[in-house]
Amino acid sequence: MKKEGFLLDIDYRTEKVGSEGSGGSGGSRGGGSRGGGKEKPVVRLWCKSTSESEEGSDFVVLDKDFEPYFYAFPFSYASRSEEEGEAELREKKRLVEGICVERRSSEGAGEEVRVKRVEFCRKKLLGLERQGLKIFTELPRHVPVLREEVRRAGLAVFEADILFPIRYLIDKQLKPFDGVKVVGEEAEGEEAVLNYANTGTRTRTRKRKRKRTAILASKVCYKKMAVGNLPIKILAFDSEMATQPGSGSGMPSPKKDPIIIISVAYREGRARGGGAGEGEARGGERGGEGKGGEGNEVKTKLFVLEEGEYGRGDDERVIREFLEFVQEFQPDVIVGYNSDGFDWQYLKERAKLHGIRLNAGADGSTVQFERGGALPGVNIAGRLNVDLFKLAKRDLDSVKVKKLENVAEFLGVQRKSERVNLTPREINECWFEGSRERKRRERLYEYAKADAVSALGIAEKMLPLQIELSRMVGYPLDELAKMGRGRQVEAFLTAEAFKKGELVPPKRGSEKTFEGGFVLPPEKGLHENVVALDFSSMYPTIMISFNISPDTFVEPGRAEVVREGAGVVGDFVAQDLHFAPEVRHAFRKSPDGFFKRIMTDLIARRRAIKSAMRKHDKNSSEYQLLNLQQQSIKILTNSFYGYTGWNAAKFYKRECAEATTAWGRHFIKRAVKMAEEEGFKVVYSDTDSIFAKLPPGVTEVAEDRKAAVLKKAREVSERISEELPLELEIQDFFKTIFFTGKKKRYAALTDKGEIVVRGLEVRRGDWCELAKEVQTKVIELVLREKDPAAAFKFVKTVVQDLKDGKTPLEKLTIYKTLTRRISSYETKQAHVVAAQRALDSGVAYEVGSKIPYVILKGAEGARGAGGARGTGVA
DNA sequence: GTAGCTGGTGGGTTTA
DNA sequence: TAAACCCACCAGCTAC
């Protein structure tokens, strides 16, 4: 049979050869079951159909024909003949083929590990063609063992740390949320049962669910497809606990406190385009949804503990019903807020207590918890588990205190003022007193629902961009959502390298830092009619213009500057090289480097997308999708500079980053000079921007002044764009701008009436609301009204209110991040002291969380304000 | 990724 | 002798 669809997730399991199927736990990315006998890896591609008759239905592709492998190359010795090299490689090949070692599993059982086979191969290493070995292994878990042995045999090892499923995607050129075509036969019997869920055996109360077809693949390949409006089912969940009254501690403990509510939110019905092939689960919902609209409504469901159950501390039924719901709903994506760090961990403990399996996987397997690792990771087979808190932490810089309600409000999902808000103490009260007071219990239910709905809303706002990034980078969404930008770039580069026959270099860090951007000291005070100019995509443009790439960098000594009369000594001649200013790093002008080829391609793709966007209405779904695509390309392109300077990067090359910033400094200084030559007074400049005004007396009327400044700015920009390989764009026009005299700190009023603030306390998360409110008002009065006296008066009233104790405590709460364990702080800072006191009274703040505190006059130290998650700090 | 600001700690030194 | 001052450093956070 043939099947087409799009890829959602990938993992693998190991199965015993010979016997039908195998026992053991379901494999996951990076994991696998074990046991005696011969085993082999089976890659599982979790897909959704795109064919018209069964759109949105699930199927899983089983591929048993992919072998784990890695590369090994001899260390290159200077000037050795071709024959000598080949002879050595043949010798090494024999050596590697003979490798046999004992591998001890965590249970202590021994396992004999051999190399499966070895092939000769040709690959490029930083542009240089090299001959080496491609070493295949029986199982993915053998790679780390054999890698060490191959190293011992005197070879340099490459690409031995690419996870097996990722290796599969790269080699097959498959991408998540993109097309897959498979030829094979439908799996039957035990094989099918093991690999897809819901054949009806596990869910007692529910009807038999629709079947997930499993296909034993004989051929799997990429299939181009339209990627708009993919039918993806998201399930958001959240759980609430109540702590025993009088137990002192404010934190619920999974050892004793049961889960009182699990709330879920989801959209019911098919995604846009109809619900063909779906007989049930459509309920009596309205089907008439407009094209392009959201259409289907958000639904919620609560799993609530009963009184008697609470008395026994027995939340088994609640957990079971939740799991059954997951299996019935079959979500593609499961989201929660801090779900990896909290909800799943709690569920794990509670499930263990009752001896029930947390089988939320699409194959009925249990939720897998990553061991070790700095951050707790949670994996669910066949589904994409995403912790939105991690996403918000990484991507929503402007939300300072990343509580669920704050993020939801910021994204326009749900206003805080329009939902039920409860503190942990109130949750307790609503629970315990709710048995008498029905209303309070209702409030708790509304609260639980609001949390799940907010999580769903956040997912719907944030995931589309993540999905585009996932498709582009080639990493499954759940993993990608946890990765930092550097690792995302690296994943993308790894796939690109494969396409270009390049090897991914091994990591070789360094501690050395390098000089960054140039900042011109600002001219203190108030300025009027200032134009802001900036270089668009300065670093990427520089990298492309000067072919900056790890493979075009010429080591000092290899480049010879041709002096008059002197012969050529190095491998490269000066006129064939770009030399960076100040640092004098050299880069070959040709051929185009690895980075340049990729970046040029990305920029071309982005340009094409942007022009395609113009053909669509801004509110259309086509436009929105294209917009997300161009955004993700931009994010990636802009990350290349940072990536080359990230010392944990595989393609790390300090000189690349160093040269990039050196050219940046060179050009911004040149631009300042040119602007001043044209009659501008440059009042400030930072890295890639210039703030300039015309000296007084050029024109008299205010309106003319703006026109004059802009006209001049256009002239300067044109001249600069002609002379330099960069575009200088007019970014903004400020009617007034105020500099405190310090770098990176100013406030401005644009000609559109908006106030822009940079660096000042308003922008900082470690100042209390009151301070920020006051500063905002002062800035308004100074910039808009130009009335410092009024500002002064206003501040005085605020100070008086403060002295009179009229200011509410919440407005004085300061939040600061606890960046490490309390014990490892050298200095006694207020928020650390506050965190310690909170701990003493039973509220444990995790590393990385924000500690709320208030500084009181004459107090011994910090006193707590009501936090949302944590109760007051003692 | 580097540049830069600010507040605070903690120790040593100066000052009234 | 204690308050005032100075300074290097730690820590957190932001601009680009």
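Residue numbers start from 1 in every chain, and the chains themselves are labelled A, B, ... in the order their sequence lines are given, proteins ahead of strands.
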Determine the minimum heavy-atom distance between [X] and [Y], stating which atoms define it.
X: A:Gln466; Y: A:Leu477; result: CB-CD1, 3.5 Å
X: A:Val847; Y: A:Arg821; result: CG2-N, 3.7 Å
X: A:Thr513; Y: A:Arg654; result: O-CD, 4.2 Å
X: A:Arg394; Y: A:Met483; result: NH1-O, 2.6 Å

Indicate, with a heavy-atom threshold strictly under 4.0 Å, whether [X] touches base, sugar-phosphate, or nothing.
X: A:Arg820; answer: sugar-phosphate
X: A:Thr644; answer: nothing
X: A:Thr513; answer: sugar-phosphate
X: A:Tyr652; answer: nothing
X: A:Gly765; answer: sugar-phosphate

Under a 4.0 Å heavy-atom cutoff, the residues of residues 538-548 of chain A touching DNA chain B are none

Rounded to whole Å, how long is the line connecting atom [atom1] of [X] with atom [atom2] of [N]?
X: A:Leu760; N: C:dC13; atom1: CG; atom2: C1'; result: 13 Å
X: A:Phe640; N: C:dC16; atom1: CZ; atom2: P; result: 24 Å
X: A:Gln488; N: B:dG1; atom1: CD; atom2: P; result: 14 Å
X: A:Arg485; N: C:dC16; atom1: CZ; atom2: P; result: 19 Å
X: A:Leu396; N: C:dC13; atom1: CG; atom2: P; result: 16 Å
X: A:Tyr853; N: C:dA11; atom1: OH; atom2: C1'; result: 11 Å
X: A:Asp686; N: B:dG1; atom1: CG; atom2: P; result: 18 Å
X: A:Phe691; N: C:dA15; atom1: CZ; atom2: C1'; result: 10 Å

How are the rings of A:Phe691 and A:Phe734 set to each other: parallel, tilted or perpendicular (split at 30° and 60°)?
-> tilted

Should the ring pair A:Phe595 and A:Phe640 be called parallel, tilted or perpendicular, given that the plane angle runs from 0 to 90° and is split at 30 and 60?
-> perpendicular

What string of B, S and - do you get for nucleotides 3-13 of chain B, 5' to 3', when a contact is any protein heavy atom under 4.0 Å?
-> BSBS--SS---

Closer than 4.0 Å, any side-chain N/O of A:Thr817 to the OP1 or OP2 of C:dC13?
-> yes

Does A:Lys400 make a side-chain N or O approach to OP1 or OP2 of C:dC13 shorter than 4.0 Å?
-> no

Checking salt bridge (Lys or Arg N to Asp or Glu O under 4.0 Å) against A:Asp161, which of A:Lys507, A:Lys650, A:Arg487 comes through?
-> A:Lys650

Check for a donor-acceptor pair, side chain of A:Ser632 on one end and backbone N or O of A:Leu628 on the other, with a separation under 3.5 Å.
-> yes

To the nearest 0.5 Å, how far apart are CZ in A:Phe651 and OG1 in A:Thr644?
-> 12.0 Å

Under-4.0 Å salt bridge between A:Arg597 and A:Glu496 = no

When you get a sec, tell me which of C:dA11, C:dC16, B:dT2 is the closest nucleotide to the side chain of A:Thr819?
-> C:dA11

Nucleotide nearest A:Asp766 when distance is taken to its side chain, options C:dC13, B:dG1, C:dA15 = C:dC13

